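Shown next, in structure tokens, is the structure this report addresses.
Remember, predicted model here, so these are calculated numbers, not experimental data. No hydrogens, no waters, no symmetry mates; every other heavy atom, side chains included, goes into these values. Throughout, a chain's letter reflects where its sequence line sits, starting with A, and its residues are numbered from 1.
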Amino acid sequence: MNLVFGNPAGWWALLGVPAILLVHMLQIRAREIPISTLFLLDHVGPESREGRVLDRLRTSPQLWLQLLAVLLLTWLLLQPRWIRTDSFQRVVVVLDSSASMAAVLNDLPNRVHDALVPLGRTSALTEWRLMESDPSRGARYAGTSLPGLIGRIKDWTPRLGAHALNPALGVARSLAGPLGAVILVTDHQPDNPPPGIAVLGVGVPRNQCGFAGLRVDGEPGGETWAAAIRNYGDIPAERSWDLVVDGQPASRREIRLAPDETRVVTGAFPPGRDRFELRMPPDALPTDDRLPVLRPRPKRLLVASQPPEGTEPFVDQLLGAMPAIDRVRAGQEPDLVVYGFTPGVLPETATHRICLPRPDADTADADGLPVAESHTLTRDLSWGGLLCRPVRLGPLTDADQALVWQGSAPLIVLRRKGNSEQLLIGFDVAASNADRVPAFVILLHRFVERIRFAKAAPTADNVDVNQSLALPFDPAGEEIVVTAETETGPDPYAYPVHQGALVRAPFFSGFFTVAQGEQTWFDGAAQFADLREADLRHTESFKLPDHHVRDLRLANSRPDPWSAVWGALLMLVVLSAWAVGEPVS
Amino acid sequence: MNGDTDAASLRAIHARMKNVVRGIRLPFRRHNWRGLAGNWLGVGIGSSIDFQDHRPYLPGDDPRYIDWQAYARTGAYTMKLYREEVSPRVDLVLDNSLSMDITEAKRSRFRELVYFAMESALQTGAGVRIFAVGEGGWKPIPLPALAGYQWPRPEGADGFPGLGALPFRHGSMRVWITDLLFSGSPESGLRALLAGRGRAVILAPFATEETAPTWSGNVELRDCETGFRRRQRVGDPERKAYREAYHRHFELWTDQCRRRSIPLARIPAEGDVVDALLQGAVREGAVEVLT
């Protein structure tokens, strides 16, 4: 039916029907008339019994005219409009991909369907588009079938933590065009949404508990784990959690949490096991009821330490503070060499190096404070406290990049030689306060980690769900495959090799691997630990604004061409009802 | 209406009726006046008790009125005829119920009919007795009171008036001025009117509002005599049913009066009284026109 009403509130005018019926049933205050022939009325009836407020309804031309007038008035107040047969609109639905939406997935298709059906009636033809706020995901549906769109919602799962919605809404607005509609489906009121966006709230405030974080500490072989369990609720909660090994519960503990309490539970790895899970019974948000734990296996660096005289304590302390550092032994090829060098004389090797000048290196004149170049190794580091005596490093080549200057003398230089990088220190470390300057120590840490990252070796770690994984993929190799372990079996997802920088952990809790070709580069355990998304107490449910549907109706319809006729007929009916009204005796 | 105004209007009415009765009067000619022993002779005789004539004694006559002197002279029994025996007797019965005052026109017409009847009787030398019948029975109204424009106070009615209790004079003309608006069979009342060899005339004034009311919609009808109230929604069907009931009521009275040869004249309250009497009463024989 192509009839819509511009003012649905006009239906209230139908209350005039029972009002008129009631008035015609009411005993109107009777006019008193003294008569002498009352006895003749004994057989004239029906008689209105004294004291009764209502009498049976008596039909009369006036009654029917008044009812007709109410119907006509209702029709006019409803502002009937007819959908133009050539009307077209595009509606883009954007699903909020934040993890808290997982709590409403069961009812989400129905809620969206109920909200979109009135929109579909505002135009002769509606093109539906479904997308989500996750920018890495494309459109989920484009077509003219609302059931088709709803079907695509049924197999959708949110995959992000808290994130900004406006970029996706901007894309949706462009897709919808100036006359189209954009509907954001979310579980909370967004902050400052772009104009022209209608928001449908599908959240349901609830209390729930879940794992809120994980930390694994300790030396290799003796690691211990600590997991946080939080009560996102306004009432105390009693939960149980299991330690699951190879899919089988190994132990169960009970825990009672006060409102908003976070409790840390600790333990050791099961003997002989590098991984296990902590599980709680699923509740409103099952995403955080499962915590996979993996024994971390960082890349180890073999370091050869040959520091110049006077710097051994510093270097030993530096290397001792870095994780996963092994001192090279005989016959081993080091990943990193720390040694003293004579400026201008550098061995032609492809080994990564940290080169510290010997104490007898020629000094250079330099004044002013140290100044850093913009580089990832020097970002956000302050060098103002560095007191040192620069040495002459010799002329810099095109492969050299000075990171820190003092005057015209380079204090720290990054040199590339083939696939290796060398960090040249241009001052006597032993004769400086560099060991007490955080910027210098941090830079050295960053350089070491840079070397570690570049080392092609498998590693294992506990990460957040959907966390970006920076791994040394072979840009000329095969595609990169992230394989998640699910209850139904391995679930692989492939990235083209040129998208190696986009590789992320799975968006759900669980164990996974990252491989390229035959090489597995990463063993991971993805955990959900977004406290903002796990707290469902502040989710909201609200409908689309009433004016939204009304505006679309007005845009896609034309007014009733017979309005003037109905209005004139109404006047005629009102006058007729007044004219045929029974005179008062 | 206060007493002075009422007296003034009654005086005016009386004066008009004195003129009216010169042309129209109660139907005395039609009435075969039989007193104790005589016929009615005519008008203009007077009202005192005087010996008028003799007639032969007839068995059954009251021996007290035998003219013994005439017997002594003639040896024949003769009876003395006195004026009072041969003069008409009119017993005037007023319906003193409140319904007679329902409208100004009816009230005025009622009084006109009363004074018409009274003046008709007086101008023919008839002896007039006046009774007012209302709630609680009847009461005599002295002729001087009415002649002195002291109208009896209307009262409520208590069902069918008890005419049987009235002390009608033997052979009198009973003139009943009433609107006949009470339920009940006319028989008992009419029988009472004719008791004692009396003749009856009924003059029934009516108002247009009674015959063709214009009530409409929700009305509360209050009986002017009993005060009883009745809420009624009146439309065309109700008005039609009322008119039919009204017609049936007076049809019954007319039929019963006709059976008993009682002239029943329905006198409209509106319009000139002479026209009303000529229109409603002459044909029925309730009044006669003087030539």
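- In plain terms, the two heavy atoms of Phe39(A) and Leu181(B) that are nearest each other are CE2-C, 3.5 Å.
- Residues His249(B) and Leu40(A) come closest through the heavy atom pair CB-CD2, 3.9 Å.
- Shown here for Ser36(A) and Ser99(B), the closest heavy-atom pair between the two residues is CB-CB, 3.5 Å.
- The OG1 atom of Thr37(A) sits 13.0 Å away from atom CG of Leu180(B), with the distance rounded to the nearest 0.5 Å.
- In this structure, the side chains of Arg230(B) and Leu38(A) come closer than 4.5 Å at one or more pairs of heavy atoms.
- Scored by the ring-ring contact (aromatic ring centres under 6.0 Å, His included) test, Tyr115(B) finds His14(B) as partners (sequence neighbours excluded).
- Between the CD atom of Glu220(B) and the CD atom of Glu32(A) there is a distance of 5.5 Å, given to the nearest 0.5 Å.
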Task: Steps toward side-chain contact (heavy atoms from CB on, under 4.5 Å) verdict (Leu41(A), Leu221(B)) - done: CA-CA 10 Å; Leu41(A) 294 173; Leu221(B) 304 173; 3.0 Å; yes

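- Atom CG of Asn106(A) sits in a sparse spot, with 12 or fewer heavy atoms from other residues, nucleotides or ligands closer than 6.0 Å.
- For Lys139(B), the side-chain contact (heavy atoms from CB on, under 4.5 Å) criterion is met by Asn96(B), Ala132(B), Ile141(B), Glu155(B), not counting sequence neighbours.
- Contact annotation for Ile102(B): only side-chain heavy atoms (C-beta onward) come within less than 4.5 Å of a heavy atom of chain A.
- For CZ of Arg258(B), the number of neighbouring non-hydrogen atoms (other residues, nucleotides, ligands) closer than 6.0 Å is 12 at most.
- Side chain of Arg31(A) to main chain of Gly217(B): no donor-acceptor pair is present (N/O by atom type, distance under 3.5 Å, no hydrogens or angles).
- For the atom pair Ile33(A) CD1 and Ser216(B) OG, the distance stands at 9.5 Å (nearest 0.5 Å).
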